[in-house]
Every structure is written in C-alpha cells, then in structure tokens.
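Notes follow the structure.
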Protein chains: 2
Amino acid sequence: MPTARPERGMPTPPGRRPRKAAAPRRQLTQEAVVETAIRVLDAEGLEAVTMRRVAQELGTGPASLYAHVSGKDELRELMLDRVAADIRVPVPDPERWQEQLKDLAREIRRVYISHRDIAMVSMGLIPTGPHLLDVAEAQLALMRAGGVPKNIAAMAVDTLGMFLDADAVEGTIYYAKTPAGEDPHAFFEEYFGQFREYFAALPADRYPVLTGMVRELTDADDDGRFEFGLDLIVRGIASYVEDGERPG
Amino acid sequence: MPTARPERGMPTPPGRRPRKAAAPRRQLTQEAVVETAIRVLDAEGLEAVTMRRVAQELGTGPASLYAHVSGKDELRELMLDRVAADIRVPVPDPERWQEQLKDLAREIRRVYISHRDIAMVSMGLIPTGPHLLDVAEAQLALMRAGGVPKNIAAMAVDTLGMFLDADAVEGTIYYAKTPAGEDPHAFFEEYFGQFREYFAALPADRYPVLTGMVRELTDADDDGRFEFGLDLIVRGIASYVEDGERPG
DNA sequence: ACCTGAACACCGTTCAAGT
DNA sequence: ACCTGAACACCGTTCAAGT
C-alpha cells in the first residue's frame with residue numbers, strides 16, 4: 001500500500017500537516033540541472049551560473065543539486081560537453097583535409113561563441129565527455145587522413161585547442177563586461193575607442209614601434225584575427241606531412 | 001597647531017580614550033597592496049588573492065584597500081604589470097629576429113609560470129600597464145626589424161599572446177589543483193595516469209583514431225608542446241616577410 | 001533514495017562614521 | 001585625506017533531518 005496522498009481540492013484534515021501546497025515535486029535529473037544551467041549561461045554569462053542560481057531556477061535549494069552533480073566544476077564540464085554536442089563534424093576527405101580542419105575550427109568557434117563565455121571551461125581541461133571527444137576524434141581523423149604523423153597530430157590538437165579556447169574567451173570577454181541593459185555593440189565601440197586614444201597618447205620615445213602602428217593595433221577585426229591565427233596553425237601542421245605520406 | 005599626540009611611554013590620562021595601543025599605522029600604499037597580493041599569489045595561487053585576504057595580510061580590513069585600488073580587477077591588472085616588469089627584453093638584431101622572438105616568448109613563459117596562474121589575468125586583457133607595454137613593444141620591434149608588415153605584426157602579437165596565455169594557464173592549472181600539502185609532481189603523475197587509463201578504455205568503434213594514439217596523446221611533455229606551438233607561430237609569421245623587406 | 005533547511009565559512013563592495 | 005566597522009547581498013559545500 002503506497003502512502004496516502006490528498007486528493008486534489010480537498011482541504012487538509014485537522015491534525016494532519018499540509019503537504020506544502022502544490023509543490024509539483026518534478027523529478028530533478030542531471031539533464032534538467034545541466035539544461036537549466038545552460039539557460040542561465042546563455043542569458044547572463046558563465047559568472048551568473050552559480051549553484052544557488054541554478055537551484056532557484058529549478059524552484060529548489062542549492063543542496064538539492066548535489067544529488068545529481070558532484071559540485072560546480074562537474075556542472076561546468078557537463079555544460080561544456082552538452083554544448084559540444086552541437087558541433088557538426090565532417091567525414092574526412094584526404095584531398096582537402098586542411099580546408100576541412102579550418103571549417104571544423106570555424107564551427108567550434110561558432111558554437112562556443114553562441115554560448116557566451118563557455119570556452120572558459122574548456123581552458124586547461126582534458127576532454128573526457130563523449131561529445132568533446134567526438135570533436136577531438138574528428139580533428140585527429142582529419143590530420144591523420146592528411147598524413148600528419150601521430151606525434152605531430154597529438155601536439156597539434158592541443159595547440160589548435162588552446163588557440164580556439166583563447167580566441168573564444170577573448171571574443172566574449174568584452175561582451176561579458178557590457179553593463180546589463182546596455183547595447184553590447186555600442187559599449188564595445190566606445191570601450192575600444194578609449195583604448196585607441198590611450199595608445200595614441202603613449203610616450204613615443206619609450207614605445208616608438210607601438211605608437212607608430214596604433215591604427216593597425218586597434219583595428220579590431222575579430223574574424224580577420226581568427227583567420228590569421230588559424231591559417232598560421234594549419235599551414236604549420238601541414239608542413240610536417242612527410243612527402244611519402246602526402247595524399248593525392 | 002597640529003593635533004596633540006601622546007608621547008611614547010606615557011599612559012592615557014583619565015577621561016581620554018586610548019589610541020588603540022601600538023597600532024603602527026604603517027601607511028598603506030598601492031605598492032604595498034600589490035606586493036602583498038603577489039606574495040599571496042606566489043604562496044597559494046590566484047584564487048587565494050581576495051580583497052579580504054590581502055587586507056588581512058596587511059593587518060586591516062578589506063574596505064581599506066579601496067583607497068589605493070579601484071577594486072579586485074584593477075588589483076589583478078596591477079599585479080600582472082608588476083610581474084611583467086621581470087621580463088627581460090632583447091635589443092633587436094635583424095639577422096636573428098626569429099630566434100630572438102622565440103627567446104622572448106620563452107622568457108615570458110618562464111616569468112608567468114614562476115607566479116602560479118597569473119597568466120589568467122592576461123587572458124582577454126588589452127595591455128595598458130607600462131611593463132606589459134614594454135613587452136609588447138619588444139615583440140613588435142623584433143617583427144618589424146625582421147621585415148614583418150605592420151598589419152601582420154599587429155595580428156601576430158595577438159596570436160602569440162593568446163598562445164602564451166593559454167599555455168601558461170594550462171601549465172599551471174593542474175598545479176593549482178594539487179591539494180594543499182601534497183607534492184604537486186606526484187599528484188600530477190597520478191592524475192595524468194588516470195587519464196591514460198580512461199583514454200585506453202574508450203570504445204574503439206566510436207573513437208578509432210584517438211584510441212590508436214593514446215600514447216602520443218598522453219605523453220605530457222609540456223616543454224615539447226610549447227616549442228611545437230611556438231615554432232608553428234614564428235614560422236608562420238616569418239612567411240609573411242616580403243622578399244624586398246627581408247633583412248640580410 | 002532523494003530532497004531539504006539551516007548552517008558554516010567564505011566572497012566584493014559600499015557607506016557612514018571616525019581621526 | 002585616509003582609514004575603518006558594520007552591513008549588504010551574495011558565494012560553494014556539508015550535514016542532519018525529513019519523506
């Protein structure tokens with residue numbers, strides 16, 4: 001016989017404690033916790049994703065989350081892996097592995113940036129989640145298909161990962177700094193303009209080279225910078241392909 | 001007439017409140033605050049550098065710091081710039097600018113890593129402090145001496161900076177994770193060994209490439225990885241030197 | 001087994017009040 | 001002018017107690 005439950009609409013009989021109204025007792029799951037955390041992330045950034053905030057969003061207290069997640073660090077890793085599930089990976093074509101690797105890098109960047117500063121979690125993290133490993137597998141598969149030696153591919157996946165993390169963090173940090181309610185783009189323009197002025201006002205005798213290229217340094221073309229670094233890295237990796245292993 | 005001060009050794013006369021014993025009233029300065037913060041950083045890592053902790057170390061309350069520093073973010077930036085003062089920069093020799101740029105990168109890495117996870121502060125920060133700008137000036141001077149065009153040098157200093165930050169953060173994050181009192185090296189070995197096992201146990205049908213190179217991927221040669229990435233970037237930069245501009 | 005309230009030991013920052 | 005105590009509005013995590 002299961003515990004008796006009060007029927008809907010019935011008042012609590014005298015002497016029996018009320019069952020805390022209509023607390024829906026919606027089952028908490030790890031999935032629900034992670035999804036809620038990502039909603040907070042998308043709306044307010046990684047800093048706003050606190051155990052207390054996520055719990056509040058789920059209508060409970062912070063202690064309740066610890067049944068589904070070992071702590072804040074694990075929650076962050078689970079969030080990252082869930083986000084990584086959206087990254088579409090290619091089937092390797094040995095003829096054009098370099099362009100495919102660049103496209104994959106662009107796809108990773110797109111997905112990361114669409115979730116605010118989530119890339120911060122990836123920084124210095126050894127990937128263990130299934131989806132993060134899918135992405136690593138895809139990068140390695142492309143390089144191996146292109147004839148990149150194993151030891152080079154192993155280091156290259158790390159270098160490329162560092163570049164992607166650093167770029168995504170850099171790209172969202174100003175966005176994250178935008179005061180609530182202000183237009184991020186306008187804030188960004190204003191913010192960057194101040195730096196241009198600051199650099200222009202620097203003493204030319206101490207910083208002769210820098211002051212001679214203020215325009216180039218403050219031309220904030222994010223996509224251009226990303227493509228520049230990506231090209232450097234991919235070309236560098238390709239230079240390690242041994243002649244005998246080169247496809248085609 | 002200045003306020004009367006009690007002479008040394010004299011007791012407090014009746015009816016006058018004692019002046020809080022021998023509180024040395026050692027003048028707080030921004031320098032003292034920053035130096036103390038760096039001492040905490042070196043001893044316990046960046047996370048331990050809180051306003052309250054630094055204040056405590058100075059024998060005062062957290063509110064007192066706000067007269068010398070606008071807040072925690074500014075304190076972190078001041079710490080980074082003070083650390084950057086220890087980076088020795090070269091006089092450019094156009095004949096060997098690439099090796100000089102690599103040496104400078106190694107020097108930056110050395111100094112950063114000697115101050116725990118300070119590189120985290122550099123991440124996504126536009127340098128404004130005098131010493132950080134000295135380092136940027138030196139990098140740009142080397143590239144310009146080598147004949148790298150302005151627009152390329154401007155992007156390259158950014159790419160190299162991202163690489164250095166990401167590497168230094170990655171290199172210290174496990175160190176930072178070491179439980180207090182445990183030997184970092186032993187902890188690191190143990191920690192890494194677990195990942196090796198984990199990767200080896202991965203399903204080979206889903207991760208065929210990855211499981212085929214577990215040894216290469218978990219061969220944690222930090223210096224090797226750094227040199228690999230550094231070489232990629234410097235060679236890439238050098239490829240943009242126009243023939244007419246190449247020195248020698 | 002799962003969930004919770006309350007507590008513990010922290011945060012950064014503000015501000016009125018003191019000297 | 002500089003410094004401070006106290007307060008405000010937060011943190012992550014633990015744990016005994018409940019159902």
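We name chains A, B, ... by the order of the sequence lines, and we start the count at 1 in each one. No experiment lies behind these values; they were computed from the predicted model shown.
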| Earlier contact from the 5' end, DNA chain D, for A:Ala48 and A:Ala63 | A:Ala48
| request: Quick one: do B:Arg82 and B:Glu35 satisfy salt bridge (charged side-chain N to carboxylate O under 4.0 Å, His left out)? Show the steps, please. | output: CA-CA 8 Å; B:Arg82 185 134 208 333; B:Glu35 263 164 28; 3.2 Å; yes
| said: In whole Å, I'd like the distance from the CD atom of A:Gln30 to the P atom of C:dC3. | reply: 13 Å
| note | The answer to which of B:Ser64 and A:Pro62 contacts DNA chain D further toward the 5' end, by nearest nucleotide, is B:Ser64
| query | OP1 or OP2 of C:dA1 less than 4.0 angstrom from a side-chain nitrogen or oxygen of A:Gln27, does that happen here? | reply | no
| message | Just the rounded figure in Å: distance from P of C:dC11 to CZ of B:Arg53. | response | 9 Å
| Distance, C1' atom - from D:dC10 to C:dA9, rounded to whole angstrom | 13 Å
| Length of the CZ-P vector between B:Arg52 and D:dA9, whole Å | 15 Å
| said: Below the 4.0 Å mark, does D:dC3 have OP1 or OP2 next to a side-chain nitrogen or oxygen of B:His68? | reply: yes
| query | Between B:Tyr66 and A:Gly61, which is nearer to the 5' end of DNA chain C once each is assigned its nearest nucleotide? | reply | A:Gly61
| field | Side chain of B:Ala67 - closest among C:dC11, C:dT14, D:dC3 | value | D:dC3
| task | Report yes if at least one side-chain N or O of A:Thr50 is closer than 4.0 Å to OP1 or OP2 of D:dC11; otherwise report no. | result | yes
